[in-house]
Novice: 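Once you've had a glance at the structure underneath, I'll fire off some questions.
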Amino acid sequence: MSIHWEKSKETEEQVHLLIVDSHRPFAEGTRALLSFEPRIVTIGIAGDKNSCLNFLCDSVPDVVLLDFYLPDIGGLDLMDKIKAAHPDLKVILMVEQSQEGYVLAASRKGAEGLLLKTCAVEEMIQAVLSVSKGGVYFSPSLSAFPKVEIDFNDLYFPVKPAEVLKRLLTPREKEIMCLLTKGLHNREIAAALGITVRAAHLQVKIILLKFGVNTRLEAVLSWAYVDG
């Protein structure tokens, strides 16, 4: 059952937070850690898509702390639904490990922030407060992987030069692109690379975001242009 929450005069300066994570101990632990920060109030915890969207029907927080991986939906897809219903709601995605493509994918999809789940509570507080005031926060620790030296504006061109496309993809993503050109589906890609279907689905989605296209066919055509 969702509980309706209204800001009172006493709490109008506080940031109201919704935590969306299927791992209940992590969510409860995060709420407990943030309870020591008087400027942030956790008004709810949701463990999946339905509980999150149902909560938002009754109460709208200032910031959503959203797991990148959920059992029933990807964090990026759920963020789309959240933003469609509440365009001004700020979303910080949380990932378990640093991987090339996360920052780009989160940025392109409109996330205001991205954090590692292992970040210090001080960094989480900084991120929540920053995005609540209209800023963005992408954890510096997510820059630990090798940089892709590309002008960020290049990522939004409808048609990208071949050299840009080449540098956009990681070695693993290039492997996946080769499999996509052979017509393989996510399950077949997962089997070929020894990864989960869910991981294959996410990798393909990140490739589409990097290429600035909506379909696998468009990605394959773009890649054919690179190899051509």
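Because the structure is a prediction, the values reported are computed rather than measured. We're numbering straight along the sequence, starting at 1. Side-chain atoms are counted along with the backbone in the values below, which use heavy atoms only and exclude waters and symmetry mates.
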Novice: Out of curiosity, Leu115 CG to Leu66 CG, how far, rounded to the nearest 0.5 Å?
Specialist: 11.5 Å

Novice: Please determine whether the number of non-hydrogen atoms from other residues, nucleotides or ligands lying under 6.0 Å from atom CZ of Arg198 exceeds 12.
Specialist: yes

Novice: Measuring from Thr42:OG1 to Gln14:CD, what's the distance to the nearest 0.5 Å?
Specialist: 10.5 Å

Novice: When rounded to the nearest 0.5 angstrom, what distance separates CZ in Arg187 from OG1 in Thr196?
Specialist: 10.5 Å

Novice: Just verifying a value: how many Å separate Leu17 CG and Asp62 CG, rounded to the nearest 0.5 Å?
Specialist: 9.0 Å

Novice: Just by distance, do the side chain of Ser132 and the backbone of Leu129 share a donor-acceptor pair under 3.5 Å?
Specialist: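 Confirmed, Ser132 side chain pairs with Leu129 backbone.
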
Novice: Leu18 and Cys52: which non-hydrogen atoms are nearest, and at how many Å?
Specialist: CD2-SG, 4.3 Å

Novice: Under 4.5 Å between any side-chain heavy atoms of Leu208 and Thr215, yes or no?
Specialist: no

Novice: Would you compute the distance between atom CG of Leu65 and atom CD1 of Ile40 and round it to the nearest 0.5 angstrom?
Specialist: 9.5 Å

Novice: More than 12 non-hydrogen atoms from neighbouring residues, nucleotides or ligands closer than 6.0 Å to NE2 on His185, yes or no?
Specialist: no

Novice: Checking side chain to side chain contact (heavy atoms under 4.5 Å, CB included) for the pair Val121/Phe36: CA distance, chi angles, key distance, verdict?
Specialist: CA-CA 10 Å; Val121 66; Phe36 293 100; over 6 Å; no

Novice: A side-chain contact here means heavy atoms from C-beta on lying under 4.5 Å apart; do Leu193 and Arg172 qualify?
Specialist: yes

Novice: Does a side-chain heavy-atom distance below 4.5 Å link Gln203 with Ile189?
Specialist: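 SC-SC contact between Gln203 and Ile189 ruled out.
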
Novice: Can you list the residues that meet the side chain to side chain contact (heavy atoms under 4.5 Å, CB included) rule with Val136, with sequence neighbours excluded?
Specialist: Phe138

Novice: Is there side-chain contact between Val95 and Tyr69, with at least one heavy-atom pair below 4.5 Å?
Specialist: no

Novice: Do you reckon Leu180 sits in the same ILVMFWY cluster as Val197, going by side-chain contacts under 4.5 Å, direct or chained?
Specialist: no

Novice: For Asp77, is there an ion pair with Lys49 - N to carboxylate O distance below 4.0 angstrom?
Specialist: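 Looking at Asp77 together with Lys49, the answer is no, because their closest N to O distance does not fall below 4.0 Å.
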
Novice: Return the minimal non-hydrogen interatomic distance between Asn50 and Asp72, and the atom names on each side.
Specialist: N-OD2, 4.3 Å

Novice: Closer than 3.5 angstrom, by distance alone: can the side chain of Lys83 be matched with the main-chain N or O of Leu89 as a donor-acceptor pair?
Specialist: yes

Novice: Can you find a heavy atom in the side chain of Ile73 that is under 4.5 Å from one in the side chain of Lys81?
Specialist: yes

Novice: Is any side-chain heavy atom of Asp67 closer than 4.5 Å to a side-chain heavy atom of Val20?
Specialist: no

Novice: How long is the straight-line distance from CD of Glu188 back to CG of Leu179, given to the nearest 0.5 Å?
Specialist: 9.5 Å

Novice: Can you tell if the side chain of Ile19 reaches within under 4.5 Å of the side chain of Ile45, non-hydrogen atoms only?
Specialist: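 Yes; the side chains approach each other to less than 4.5 Å.
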
Novice: List the atom of Ile207, the atom of Glu173, and the distance in Å for their closest heavy-atom pair.
Specialist: CD1-O, 3.6 Å

Novice: Side chains of Val204 and His201, heavy atoms from C-beta outward: is any pair under 4.5 Å?
Specialist: no

Novice: What's the shortest heavy-atom distance between Ala27 and Asp21, and which atoms?
Specialist: CB-CB, 4.3 Å

Novice: If only atom types and distance count, is the side chain of Glu112 paired as donor or acceptor with the main-chain N or O of Gly134 below 3.5 Å?
Specialist: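 Pair absent, no side-chain N/O of Glu112 close to backbone of Gly134.
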
